[in-house]
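I have placed the structure first, in the form of structure tokens, so that the comments after it can refer back to it.
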2 protein chains.
Amino acid sequence: MTDRSDEALLDRAFMALADPARRRIIARLSRGPATVNELAEPFEITKQAVSKHIQVLEQAELVTRTRDAQRRPVHLNAARLEALTAWIDQYRLVREAQYRGLDAVLNHLSKDKT
Amino acid sequence: MTDRSDEALLDRAFMALADPARRRIIARLSRGPATVNELAEPFEITKQAVSKHIQVLEQAELVTRTRDAQRRPVHLNAARLEALTAWIDQYRLVREAQYRGLDAVLNHLSKDKT
DNA sequence: GTTGTATTCAACCGAAAGGTTGATCAAGGG
DNA sequence: CCCTTGATCAACCTTTCGGTTGAATACAAC
């Protein structure tokens, strides 16, 4: 896990979620697919701006897009979110293990990580 | 969970982890506290730059600092990492619930989230 | 007090992010 | 074949980010 080839993808994912607007988009998509226009409405920004956000999320593979006539609904890629929790938990668990003095667990988890 | 008052903090946390250098710092700190100089060494950037990164992480409360004479060791605040996984899992689980058609779980999780 | 070591502050710089407006493209409906 | 709708492309602007160098601070050792 946390393979070298996924490094850039992990980077894009964290980068993507750094923006609150994009997190809100993720939140919205968790309730089902939506088009750019639908996503743009609750925000006070233009569709073009939303479209850019989608592209960022798409490059991070956090969302995918299908085609439905002229609409292009955006879908959440929940699986990719797991890569983030995996990265975080990696270090969260190490620290917790240290607090408890579980050296065996610690040594297993803490070798050559990013 | 995901209280309104934590909103800014969550923002800073994602923002902080968006930078690969700062993620590497987190990784290093998971193996124990370190000073700015120690953290700067493996990188090819100046200590001043690292100091700035630490400040960003500190404002996100992902790390804390103590004082040891003129040294100011940085410690990982593993507890804060949980806030991130909590946010992510919130939506990851919603999607997984949808795939399984677990509407009850879905309705419970998906009301007025950020 | 002077020197030395660890860290931070301040000013600056180039690159990238997030936003806008205006033009353009794709797909259907009349 | 227009014309509308949904979405993207392109150019531009402003702010923020990550980095630098150089001066300043804090603390301890001598």
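Each chain gets a letter, A, B and so on, in the order the sequences are listed, and its residues count up from 1.
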Checklist entry - Would you say dA7(D) has OP1 or OP2 under 4.0 Å from some side-chain N or O of S51(A)? => result no
Next on the checklist: If you compare every side-chain N and O of N37(B) against the phosphate oxygens of dT7(C) (OP1, OP2), does one of them come in below 4.0 Å?
Outcome noted: yes
Atom-pair distance ([atom1] on [X]; [atom2] on [N]), nearest Å:
X	N	atom1	atom2	value
L57(A)	dT8(D)	CG	P	12 Å
E58(B)	dT7(C)	CD	P	13 Å
M15(A)	dG18(D)	CE	P	8 Å
E38(A)	dG6(D)	CD	C1'	11 Å
R71(B)	dT5(C)	CZ	C1'	8 Å
F43(A)	dT20(C)	CZ	P	12 Å
L39(A)	dG6(D)	CG	P	13 Å
F14(A)	dC17(D)	CZ	C1'	19 Å

Checklist entry - How does each nucleotide of nucleotides 19-30 of chain D score, in 5' to 3' order, for protein heavy atoms under 4.0 Å: base (B), sugar-phosphate only (S), or none (-)? => result BBBB----SS--
What's the spacing between [X] [atom1] and [Y] [atom2] if we round to 0.5 Å?
X	Y	atom1	atom2	answer
F43(B)	R28(B)	CZ	CZ	10.0 Å
L76(A)	L57(A)	CG	CG	9.0 Å
N77(A)	R92(B)	CG	CZ	12.0 Å

Would a single hydrophobic cluster contain both [Y] and [X], if residues Ile, Leu, Val, Met, Phe, Trp and Tyr are joined by side-chain heavy-atom contacts under 4.5 Å?
X	Y	answer
I25(A)	I88(B)	yes
L62(B)	M15(A)	no
V56(A)	I45(A)	no

Item to check | Check: R72(B) main-chain N/O paired with R65(B) side-chain donor or acceptor under 3.5 Å | outcome: yes
Checklist outcome for this item: Of the listed dG18(C), dT7(C), dT8(D), the closest approach to the R72(B) side chain comes from dT7(C)
